[in-house]
Amino acid sequence: MKKNLDLQKLKLAVKGKIIVPGDQDYDQVRTIFYGGVDKKPALIIRVANSSDIIEAISFAKTNALELAVRSGGHSVAGYSTTEGGVLIDLRDLKKIEIDEKNKSAWVEIGLTAREVTEALDKKNLVVGFGDTGSVGIGGITLGGGIGFLVRKYGLAIDNLLAAQIVTADGKVRDIDAETEPDLFWAIRGGGGNFGIVTKFKFKLHDIDQVYGGMLILPATPEIISRFMTEAEKAPDELSTIANIMPCPALPFVPEKYHGQIILMSLMMYSGDPKTGEKIIIPFRKLDKPIADMLKPMRYPEIFFPDDSSYHPLAVSQTMFMKSVDKSLAEIILERLNASDASMRVVQLRHLGGAMARVADEATAFAHRQSKIMTNVASFYTGPEDKQKRQDWVNHLAKKMNQGDDGAYIGFLGSEGQSRINDAYPEKTFKRLKQIKKQYDPENIFRLNLNISLN
Ligand SMILES: Cc1cc2nc3c(=O)[nH]c(=O)nc-3n(C[C@H](O)[C@H](O)[C@H](O)COP(=O)(O)OP(=O)(O)OC[C@H]3O[C@@H](n4cnc5c(N)ncnc54)[C@H](O)[C@@H]3O)c2cc1C
């Protein structure tokens, strides 16, 4: 510990657990999803309630320590930990209250997408987060939340009814569209800039069995571009994620495909499975599937199993696109084949539907009309090849750029101010700055895609 911190008072004031370097669980608790991040917080406070959060903020301020906030720990930029600062760890806040009658739920912020989805599914209810069960509902919702229900029910934030947040002044605020509407607007896409959210209230939707899973197809320029055309034409109930990548050695895929570039799609028709099966036909007909795991299922089955020991080293770039025609698909395939990284991927998610029917200015997430969200990513093995893999990513992203320079903060790394500007159109950014000035004038919450006041 660099500073000589007096923890006695804090220990008495806090109900949760305080962890410092040398404690048995210190290394495990400070580890985040992405590998390559080895920051050592001066102390970690596994908070038990909002009053612990108030104490933690005050302690960080008094001792002039950097403050990091962690819900699920999946920050792409690695912001959910700090070197020598205070880490507010929210993972123990896991209460969920489902109001079946009014189709809403209060969910505490330490819950993961899987935990909320599974609890709701037992009541035939759903709210959409992303494609990965272990992602925390904190980070994903504050960024927007783009998942398998994006076309049917919009982003996670489009289903957000209210929130509780602890602001930099130590106040616990219950906010919604009527109470502190500016702050409520800002947290719907503005990330962790405005305070620490302790719980969200979501609007829920009925759900029964759905039709979905994985469909692996050969990756040719023709199939990739036709896949994207079908994804655009499909009804709102169908959301798709197309990953063009080397085929993993999956037991149900013939060995001859392992390592070959394939189109691995995850699809979800969130309606009657029989209709879903019909809607999927054009995708199945694109070519003879290499693997076809599509089936009637419960919604949470779409998530791959969690693996807490998985910490990939990855570089990436996120962007929005308009369309993927054959010639662009050719470029994608050429670049993927030119790389020897153990994993490299171009991920294409067709958006539209309910997400696009919300006005751009309704929330701080403003890329409502962008058609396709694309992520280009590559694994690297260590510092020696990181730059080479990043160059590959940047080169391909540049080739794919169609003039939409927007970015989704959920997938942004620490790429500098210009990319934060890309995440917010000018009007949105101006409003976010005003709200930041009001609620966090000292920029206490700065370890994030920061709305800096400078
Ligand atoms: C494998 C993987 C898959 C993903 N898939 C999707 C997807 O399908 N759709 C999608 O939209 N996004 C997706 N993302 C992006 C994801 O939404 C963001 O990385 C998100 O920030 C992760 O949230 P978290 O709570 O797990 O992360 P954390 O690292 O805990 O939080 C990230 C940041 O959010 C802020 N934050 C978190 N919780 C709070 C809080 N309670 N109060 C204030 N600030 C807070 C902090 O600034 C924190 O640094 C994915 C990311 C990964 C790694």
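Counting starts at 1 for both ligands and their atoms, in listed order. For this chain, numbers begin at 1 and follow the sequence in order.
- At least one heavy atom of Y34 sits closer than 4.0 Å to an atom of ligand 1.
- Between M343 and M245, the shortest heavy-atom distance links the atoms CE-CE, 3.9 Å.
- Put simply, part of G73 is less than 4.0 Å from ligand 1, judged by heavy atoms.
- Residues H205 and N159 come closest through the heavy atom pair NE2-OD1, 2.8 Å.
- In the vicinity of D131, heavy-atom distances shorter than 4.0 Å reach the ligand 1 atoms 3 (C), 4 (C), 5 (N), 6 (C), 7 (C), 8 (O).
- Ranking the protein heavy atoms by distance from atom 46 (C) of ligand 1 puts V69 O, 3.8 Å first.
- For atom 36 (N) of ligand 1, the nearest protein heavy atom (residue, atom name, distance) is L142 CD1, 3.9 Å.
- Outside the 6.0 Å centre-distance limit, the rings of F304 and Y310 are not counted as a close aromatic pair.
- Counting atoms of ligand 1 from 1 in the listed order, those under 4.0 Å from a heavy atom of L90 are 40 (C), 41 (N).
- A pairwise comparison of heavy atoms in I224 and A219 identifies CD1-CB, 4.2 Å as the closest pair.
- The residues D405 and R419 are annotated as not salt-bridged, no charged nitrogen and carboxylate oxygen being separated by less than 4.0 angstrom.
- With atom 43 (C) of ligand 1 as the reference point, the heavy atom nearest to it among G195, A163, G145 is part of G195.
- Annotation: atom 50 (C) of ligand 1 to nearest protein heavy atom, F411 CE2, 3.5 Å.
- Using a 4.0 Å cut-off between heavy atoms, F33 contacts ligand 1 through its side chain alone, with no backbone atom that close.
- Here is the list of ligand 1 atoms found below 4.0 Å of a heavy atom in G136: 23 (O), 24 (P), 25 (O), 26 (O).
- Side-chain contact between I45 and L10 is present, with heavy atoms from C-beta onward closer than 4.5 Å.
- Remark: the Q438 side chain and the D182 side chain contain no N/O donor-acceptor pair separated by less than 3.5 Å.
- In terms of heavy-atom proximity, G144 sits nearest to L155 at O-CB, 3.5 Å.
- Looking at K103 and D206, a side-chain N of the basic residue comes within less than 4.0 Å of a carboxylate O on the acidic one, giving a salt bridge.
- Looking only at heavy atoms of the protein, atom 32 (C) of ligand 1 is closest to S75 CB, 3.7 Å.
- Within ligand 1, the atoms closer than 4.0 Å to a non-hydrogen atom of L447 are 47 (O), 49 (O), numbered from 1 in the order shown.
- For ligand 1 and G192, the ligand atoms under 4.0 Å from any heavy atom of the residue are 43 (C), 44 (N).
- Within ligand 1, counting atoms from 1 as listed, the ones closer than 4.0 Å to a heavy atom of G138 are 37 (C), 38 (N).
- For ligand 1, the atoms closer than 4.0 angstrom to any heavy atom of Y408 are 10 (C), 11 (O), 12 (N).
- In the candidate list T198, V197, N375, V197 is nearest to atom 42 (N) of ligand 1, counting heavy atoms.
- Backbone and side-chain nitrogen or oxygen atoms of G139 are examined, and one is located within less than 3.5 angstrom of a nitrogen or oxygen of ligand 1.
- Distances from atom 52 (C) of ligand 1 to the heavy atoms of Q347, R91, Q164, H74 show the closest one on H74.
- Aromatic ring centres of F283 and F227: separated by under 6.0 Å.
- With respect to the salt-bridge test (charged N to carboxylate O, under 4.0 angstrom), the residues R188 and D158 do not qualify.
- Of all non-hydrogen atoms in I187 and A163, the two that sit nearest each other are CD1-CB, 3.7 Å.
- Using a 4.0 Å cut-off between charged side-chain N and carboxylate O, D131 and R349 make a salt bridge.
- Of the N and O atoms on the side chains of S452 and R446, not one donor lies less than 3.5 Å from an acceptor on the other residue.
- Under 4.0 Å from ligand 1, the heavy atoms of T132 that appear belong solely to its side chain.
- Contact annotation: I409 has no heavy atom less than 4.0 Å from any atom of ligand 1.
- Side-chain N/O atoms of S134 and H74 include a donor and acceptor closer than 3.5 Å.
- Nearest non-hydrogen protein atom to atom 9 (N) of ligand 1 is I146 O, 2.7 Å.
- For ligand 1, the atoms sitting less than 4.0 Å from at least one non-hydrogen atom of Y79 are 49 (O), numbered in the order shown with element in parentheses.
- Note: no N/O pair closer than 3.5 Å links G130 and ligand 1 by distance alone.
- The shortest N/O to N/O separation between S71 and ligand 1 falls below 3.5 Å.
- Scanning the protein for heavy atoms near atom 18 (C) of ligand 1, the closest one is G410 O, 3.4 Å.
- Among all non-hydrogen protein atoms, the one lying nearest atom 29 (O) of ligand 1 is S80 OG, 2.6 Å.
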